[in-house]
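First comes the structure, then the notes that go with it.
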Amino acid sequence: MACILSAMATVTGLGHAGLKIEASGERFLIDPWLSPRGAFQGSWFPYPDNSHLLGADLFAPSAVILSHEHLDHVDPWFLARVPPSVPAVVPRYPSPVLRRKILAAGERQVIEIPPWEWAEVGAARVLFVSEESPMNHDSAIVVQAGGRTVLDLNDARLSPVQFREIRARVGGPIDVFAFQAAGASWYPMCYEYPEERRRELSSRKRLAKLTYAARAMEIVEPIVGLPFAGPPCFLDPDLFAMNDEMDGGIFPDQAQAAEFLQARALDNVALLLPGDTWDAADGLRHPDPTWGDFSFADRAPYLRDYARRRRAEIDAVIARTPEPSGSLWEPFREYFGWLVGVSPYFNRKIGMRVGFDITGPGGGRWAVDFRPGSEGVDPEMGSCPHVYRFASRWLPPILRGEVPWEDFFLSLRFSARRAPDVYNDHLLGLLKFAEPDALRRVEEYETSLESEEWLTLHAEGRSYRVARYCPHAGNDLLETGEILPGRILRCLAHHYEFSLDSGECLTSSGLELDVEPVDPVAADRGPD
């Protein structure tokens, strides 16, 4: 997100991805998440605790600006306490999920802004920059007011071209660049890997995220960078071990992120704990006295005490989702019988049977077959290359449309296994959207990626002509391509990897990069 602030403008951390921007006599809240119930079935909580910020002034902003639909960014509990006269300003997405979550908290004006279009919001201007592929509904935000700029990336993964376009449109320095440095995923923690393999994958994912943050800092060249948007912490006893992901896993804390960036000679980094303020005029951080004795290094006792304070809320979340009293087979069959008929394109891309091992009362071992010509729902799971396993209490609200699949997966209250161990982007996409218009937009986008532009790449003594644009999200490989050992091309936008020898995607199924070997004479001519 980008914000331009007046000479007296301040940016205050609200915890996690939340910001409060005060400029020109107005107050704008960005992605505020302060619910004492946490998010995602009571699994995620802000770290550190930001509840001391709750007060009358926080509930009376000029506008609430929201980047995307994840519940650690759009908080219905908080929105229900904000006067309905306060507008919610959001990017326009193909899916209606974000709007629905906002309105679930009560009636409110929702201002939807198309990507790359400036909109006046009080004394500010707001610009959303969405990820290029409609498979990913995430946006950075630009807010301008009084001559300063703050760019809030939150969960979005923008390309170098998009960052440079933001700088061009801002027309001056970016004063504050706020960005996520921790992951927001259930992989690999929820997958059934041997512990050593899981640690290896977590470490690799952590490094990729931090490296992306560093590259973004280098391109944006802000006056100050604020690593934030996590990590969350996990206070339910059943999930408490997930806090170990802060040490070597996908959830580095803000201090660890800052240390990584500073090791890359990026010294213009500051940490904003909840209530800390950055003054864009004097370029100084003004700390909240709440954190005088706080240390990220002394995490364990802090989290144990935090968990004790939130235990009642966690128990209430689970109590509101009781175990089923009857069989779930019929609603499961009806739901997936409809879903397999929504998008033949997605079915082709998934191309397999997917198992659901639902444990507890009313559950069973069932399968959904997405293979063209075999589509259907099977009461016997049998052999499935991909299987999800979770307690039956969590299934009814998903089938009723009350909890999106992606929200449930982010709860980490499941396990999964797959053989071969290859990610299927379209399986997640179908479950995530489950909405014809949004799925159609993805299909239209992906089938329009045909391009006759090629690059010539050299790897380990061989040369290849490669389609210029990544088949996943259309990112320009001239900007995002990286050659790895083993003649592998990685797209740094989303870390998809392709064999230069075959074009096969090594990190997901259903994708292939157009690649042709070239002779040495042709290779000498360089990139097309």
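Heads up: numbering here begins at 1 and tracks the sequence. Predicted model only: the values in this text are computed from it and were never measured.
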I'd like to know whether S67 forms a side chain to side chain donor-acceptor pair (under 3.5 Å) with D31, so could you lay out the CA-CA distance, the side-chain angles of the two residues, the decisive distance to 0.1 Å, and finally the verdict.
CA-CA 7 Å; S67 63; D31 289 2; 2.6 Å; yes
Could you work out, with ring-ring contact (aromatic ring centres under 6.0 Å, His included) as the rule, every residue matching F356, not counting sequence neighbours?
F332, F336, Y388, W405
So, H70 versus W33, ring centres under 6.0 angstrom or not?
no
So, taking the atom named OH in Y445 and the one named CD in E132, what distance separates them when rounded to the nearest 0.5 Å?
5.5 Å
Among Q162, R167, R169, the one residue meeting side-chain hydrogen bond (donor to acceptor under 3.5 Å, both in side chains) with E165
R169
Using side chain to side chain donor-acceptor pair (under 3.5 Å), reason through E245 and S202 one step at a time and then give a plain yes or no.
CA-CA 8 Å; E245 285 290 314; S202 287; 3.2 Å; yes
If you draw a 6.0 Å radius around CD in E334, do more than 12 non-hydrogen atoms from other residues or ligands fall strictly inside?
no
Side chains of P222 and P173, heavy atoms from C-beta outward: is any pair under 4.5 Å?
no
When you compare the side chain of S130 with that of Y93, does any pair of heavy atoms fall below 4.5 Å?
yes
Taking the side chain from E375 and the backbone from V340, do they hold a donor-acceptor pair closer than 3.5 Å?
no
Over 12 non-hydrogen atoms of neighbours within 6.0 angstrom of CZ in R299
yes
Specify whether H137 and F433 have parallel, tilted or perpendicular ring planes, treating 30° as the upper limit for parallel and 60° as the lower limit for perpendicular.
tilted
Validation row: F40, P232 side chains within 4.5 angstrom (heavy atoms):
no
Counting only heavy atoms from other residues, nucleotides and ligands, does the tally under 6.0 Å from CZ of R311 exceed 12?
no
Nearest-0.5 Å distance that lies between atom CZ in F408 and atom CD in E402:
14.5 Å
Member of W186, F234, Y47, F296 meeting the ring pair (Phe, Tyr, Trp, His ring centres under 6.0 Å) criterion with F251:
F234
Donor + acceptor pair across side chains of T277, T10 (<3.5 Å):
no
Can you check salt bridge (charged side-chain N to carboxylate O under 4.0 Å, His left out) on R440 and E443, steps first, answer last?
CA-CA 5 Å; R440 191 177 304 113; E443 179 180 356; over 6 Å; no
Ignoring hydrogens and angles, state whether a donor on the side chain of D425 or Y423 is under 3.5 Å from an acceptor on the partner side chain.
yes
Does the pair D155 and H68 meet the rule for a side chain to side chain donor-acceptor pair (under 3.5 Å), with working shown?
CA-CA 8 Å; D155 286 6; H68 67 293; 3.0 Å; yes
P61 backbone acceptor or donor facing K20 side chain under 3.5 Å
no
